[in-house]
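To start, the structure under review is shown below, and the notes come after it.
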Amino acid sequence: MGCLLFLLLWGLPQIWGSAEVPQRHFPFRGLQIWSFVNSSWMRTDGLAWLGELQTHRWSNDSDNIGFLRPWSRGTFSPEQWESLQHELRVYRSSVFRDVQEFAQMIHLVYPMEIQVAAGCEVQPGNDPPHFHVAYQGSPLLSFQGNSWVPAPEAPFGINVVIQVLNQDRGTKEMLQELLNNTCPQLVRGLLQAGKTDLEKQVKPQAWLSSGPSPGPGRLLLVCHVSGFYPKPVYVMWMRGEQEQPGTQQGDVLPNGDGTWYLRVTLDVAAGEAADLSCLVKHSSLGSQDIILNWEGSHTSLGLIILPVVLFLFLLIGVLVFRFRRRCFYQYIR
Ligand SMILES: *[C@@H]1O[C@H](CO)[C@@H](O)[C@H](O)[C@H]1NC(C)=O
Ligand SMILES: *[C@@H]1O[C@H](CO)[C@@H](O)[C@H](O)[C@H]1NC(C)=O
Ligand SMILES: *[C@@H]1O[C@H](CO)[C@@H](O)[C@H](O)[C@H]1NC(C)=O
C-alpha cells in the first residue's frame with residue numbers, strides 16, 4: 001500500500017511535468033526607420049510586434065500610434081496611453097532636431113537612413129530591454145543599462161556623439177523609464193488582453209504537387225503546407241521512418257489572413273518517388289501528424305486518363321448518333 005502511494009506520488013508529477021506545454025515566448029519588438037533625404041525632407045515610420053503578431057503602426061503623418069489589434073492598448077487606461085503617446089511624440093520631434101544638429105556637427109552626408117530596434121520581454125530568462133541604433137544599415141550605438149555605448153564596428157567619430165548623448169540626463173532617464181518600466185507594463189497588459197489571439201492554434205492544410213523537372217529522369221516533389229498558426233512547424237520528406245536529407249525548406253511566408261505558408265521540396269530520380277511521403281508536425285495537430293504519400297495522392301495519372309475516357313465516350317456517342325441517323329435516312333429513302 002505504502003509502495004503504491006509512493007509510486008503514485010512519484011508518478012503524478014512526472015505525468016504532469018511531461019504534459020506541460022513549453023511556455024511560448026512573445027518578445028515585444030519595435031522598429032523605427034528615420035529617413036533624412038536632405039536637410040529639409042525627412043520622415044519616420046514605426047512598427048511593433050508582440051511575438052509574430054503586428055500590434056502597432058506609427059506613420060509620420062499621424063500624431064497618434066495606430067492600433068492593429070482590438071487589444072493594442074493592453075490594459076492601459078486611455079489616460080495612461082495618452083501620456084505614453086505624448087512622451088513618444090516628444091521623443092520623435094527631439095530626434096528629428098538632434099539628428100540634424102549632429103549632421104552639421106560631424107558633417108554627415110545626406111541621404112541618411114537610421115534604424116532603431118527596441119524592445120523588452122517580461123517572461124523570466126529573456127533578453128533584457130534593448131535599444132539599438134543603426135546608421136546606413138550598420139550598427140552604430142546602443143543604450144546599455146543607463147548609458148549610451150558605441151557599437152564595436154562603429155566609426156571612431158561616433159565617440160563625440162556618444163559623449164554628447166551621455167551628457168543629456170533627461171533623455172537617458174526617460175529611456176530607462178520606458179525600457180525598464182513602461183515597456184514591461186505594456187507587454188504584460190498585451191499578453192493578458194490579447195491572450196486569445198496570441199494563443200490561437202490554426203491547423204495546416206497540406207497537399208502535394210510536382211515542380212518543374214530538375215533534369216532528365218528526375219522529379220521535384222513539392223509538399224505545400226498552408227494556413228497554420230503559430231509559425232513553428234516541422235515539414236520533412238520521409239521514406240518510411242527515414243528523414244530525407246535532400247529536403248529543401250523554403251521560407252515560411254505570410255498568408256493574407258495572418259496564418260503561414262511553407263513549401264518543402266525534394267529532388268529525386270523518377271523511379272524512386274513511389275514510397276516517399278511528406279510528414280507535417282504542428283502544435284495545432286497535437287500528435288495527429290499529417291502524412292501524405294506521394295503514390296496515390298499524386299493524381300496526375302487520373303487527371304490524364306479522365307479527359308481521355310470522356311473524349312472516347314463523346315466520340316462513341318457522336319458516331320452512334322450519326323450511324324443511327326444514316327440508318328434512318330436510308331430507311332425513309
Ligand atoms: C529634398 O528632397 C525632396 C524629396 O526628394 C525634394 O522634393 C526637395 O526638393 C529636396 N530639397 C532640397 C532643398 O534639396
Ligand atoms: C514628417 O513629420 C515631421 C514632423 O511632424 C514633418 O516635419 C515632416 O515634414 C514629415 N515628413 C513628411 C515627408 O511628410
Ligand atoms: C534599468 O535597468 C538597467 C538594467 O537593465 C539598470 O542598469 C538601470 O539602472 C535601470 N534603471 C532604472 C531607472 O531602473
Side-chain angles (χ1 to χ4, degrees), residues 25-48 50 56-67 74 76 80-137 139-152 162-163 165-191:
H25 288 190
F26 298 101
F28 184 69
R29 290 164 301 145
L31 283 182
Q32 194 165 16
I33 298 170
W34 305 79
S35 305
F36 297 83
V37 172
N38 52 41
S39 58
S40 57
W41 199 100
M42 59 204 163
R43 70 172 293 136
T44 181
D45 298 275
L47 290 170
L50 184 59
H56 302 87
R57 175 168 52 209
W58 196 15
S59 158
N60 194 77
D61 309 325
S62 175
D63 270 350
N64 296 326
I65 297 171
F67 290 162
F76 278 10
Q80 274 176 306
W81 181 261
E82 186 42 47
S83 122
L84 170 62
Q85 206 165 233
H86 175 74
E87 220 168 336
L88 292 172
R89 265 182 228 133
V90 172
Y91 151 78
R92 187 166 77 169
S93 46
S94 28
V95 172
F96 270 141
R97 200 190 45 231
D98 291 351
V99 169
Q100 280 171 305
E101 271 174 26
F102 280 131
Q104 283 186 340
M105 198 161 92
I106 54 175
H107 309 294
L108 296 174
V109 282
Y110 293 96
M112 285 188 284
E113 194 87 349
I114 294 172
Q115 293 153 301
V116 174
C120 64
E121 255 179 345
V122 296
Q123 284 134 332
N126 298 149
D127 300 348
H130 58 273
F131 191 99
H132 295 282
V133 182
Y135 172 71
Q136 314 291 48
L140 185 69
L141 53 96
S142 63
F143 190 73
Q144 306 276 341
N146 50 20
S147 62
W148 295 97
V149 293
I162 297 279
Q163 246 176 19
L165 283 175
N166 276 331
Q167 276 158 13
D168 180 357
R169 289 203 27 204
T171 305
K172 287 201 301 184
E173 275 166 17
M174 181 179 119
L175 207 51
Q176 284 184 53
E177 174 64 21
L178 276 174
L179 292 174
N180 290 17
N181 300 326
T182 316
C183 183
Q185 206 185 333
L186 173 67
V187 174
R188 269 190 290 270
L190 288 172
L191 288 171

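Counting from 1, the numbers follow the sequence of the chain as shown. All ligand and atom numbering here is 1-based and tracks the order in the structure.
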Exercise for the section: Show your reasoning for whether side chain to side chain donor-acceptor pair (under 3.5 Å) applies to Gln85 and Glu82. Expected result: CA-CA 5 Å; Gln85 206 165 233; Glu82 186 42 47; 3.1 Å; yes
Completion exercise
Taking only non-hydrogen atoms of Asn38 and a 4.0 Å limit, the atoms of ligand 1 in range are 1 (C), 2 (O), 3 (C), 8 (C), 10 (C), 11 (N), 12 (C), 14 (O)
Completion exercise
closest protein heavy atom to atom 13 (C) of ligand 1 is Ser40 OG, 3.8 Å
Exercise for the section: Report yes if some heavy atom in the side chain of Leu31 is under 4.5 Å from a heavy atom in the side chain of Gln115; otherwise report no. Expected result: no
Problem - Minimum-distance pair of heavy atoms, taken over all atoms of Glu113 and Ser35 - result: OE1-OG, 3.2 Å
Practice task
Mind checking whether Arg92 contacts ligand 2 via backbone (N, CA, C, O), side chain (CB onward), both or neither, at a 4.0 Å heavy-atom cut-off?
Solution key: neither
Problem - Any N/O pair Asn60/ligand 2 closer than 3.5 Å - result: yes
Problem - Cys183 vs Leu178 side-chain heavy atoms within contact, under 4.5 Å - result: no
Fill in the blank from the handout: Separation between CE (Met42) and CG (Asn60), nearest 0.5 Å, reads 8.5 Å
Problem - Nearest neighbour in protein (non-hydrogen) for atom 4 (C) of ligand 3 - result: Gly145 CA, 4.3 Å
Problem - atom 2 (O) of ligand 3: nearest protein contact (heavy atom, Å) - result: Asn180 ND2, 2.4 Å
Handout entry: Nearest-neighbour protein heavy atom for atom 5 (O) of ligand 1, which is reported as residue plus atom name and distance
Key = Val37 CG1, 3.9 Å
Practice task
Could you tell me whether Gln176 and ligand 3 have an N or O pair separated by under 3.5 Å?
Solution key: yes
Exercise for the section: Take atom 7 (O) of ligand 1 and look for protein heavy atoms under 4.0 Å from it; say yes if you find one, no if not. Expected result: no
Handout entry: Sub-4.0 Å atoms of ligand 2 with respect to non-hydrogen atoms of Met42
Key = 1 (C), 8 (C), 10 (C), 11 (N), 12 (C), 13 (C)
Fill in the blank from the handout: d(Leu50 CG, His56 NE2) to nearest 0.5 Å is 9.0 Å
Handout entry: Pairwise side-chain contact, Thr171 with Ser94, heavy-atom cut-off 4.5 Å (strictly under)
Key = no
